[in-house]
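To keep things clear, I will list the structure first and then write my remarks on it.
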Amino acid sequence: MIAVEFETQVTDGKIEIPPAHRDALRGSVRVIVLSNPRQPGPSLIDELLANPLPIPNFQPLTRDEAHERG
């Protein structure tokens, strides 16, 4: 058995074998996948709070308007 290590992207659930390794990897293979967990980034709310969108003539609701039931 030979061992080959490479990094690649998963696209639509498929792992593409780099051309340099294609001749060595034919037929039946054992695959072990190690994935780097994604680091959670700021949420959309966090980004909007840090960088509010400028809206001309915007006036926030008053407390009463926000709690008004119509």
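Owing to the predicted nature of the structure, the values given are computational and were not obtained by experimental measurement.
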**Request:** Would you check, one step at a time, whether the test side chain to side chain contact (heavy atoms under 4.5 Å, CB included) holds for Ile15 with Val33?
**Result:** CA-CA 10 Å; Ile15 298 172; Val33 177; 4.2 Å; yes
**Distance (rounded to the nearest 0.5 Å) between Asn36 CG and Glu7 CD** = 7.0 Å
**Request:** Using side chain to side chain donor-acceptor pair (under 3.5 Å) as the criterion, list what pairs up with Glu47, not counting sequence neighbours.
**Result:** none
**Prompt:** Can you name the closest pair of heavy atoms from Glu5 and His21 and give their distance?
**Reply:** O-NE2, 4.3 Å
**Prompt:** Would Leu53 end up clustered with Leu44 when hydrophobic side chains under 4.5 Å apart are linked, directly or stepwise?
**Reply:** yes
**Request:** Examine distances only and state if a side-chain atom of Thr62 and a backbone atom of Glu65 form a donor-acceptor pair shorter than 3.5 Å.
**Result:** yes
**Closest non-hydrogen atom pair, Ala24 against Ile2** = CB-CD1, 3.7 Å
**Prompt:** So, for Glu16 and Thr8, which heavy atoms are closest and what is the spacing to 0.1 Å?
**Reply:** O-OG1, 3.4 Å
**Request:** Would you indicate whether the side-chain heavy atoms of Asp46 and Leu48 approach each other to under 4.5 Å?
**Result:** no
**Prompt:** Got more than 12 heavy atoms from elsewhere within 6.0 Å of CZ, Arg22?
**Reply:** yes
**Asked** Can you name the nearest heavy-atom pair linking Phe6 to Leu25, along with the distance?
**Response** CE2-CD1, 4.4 Å
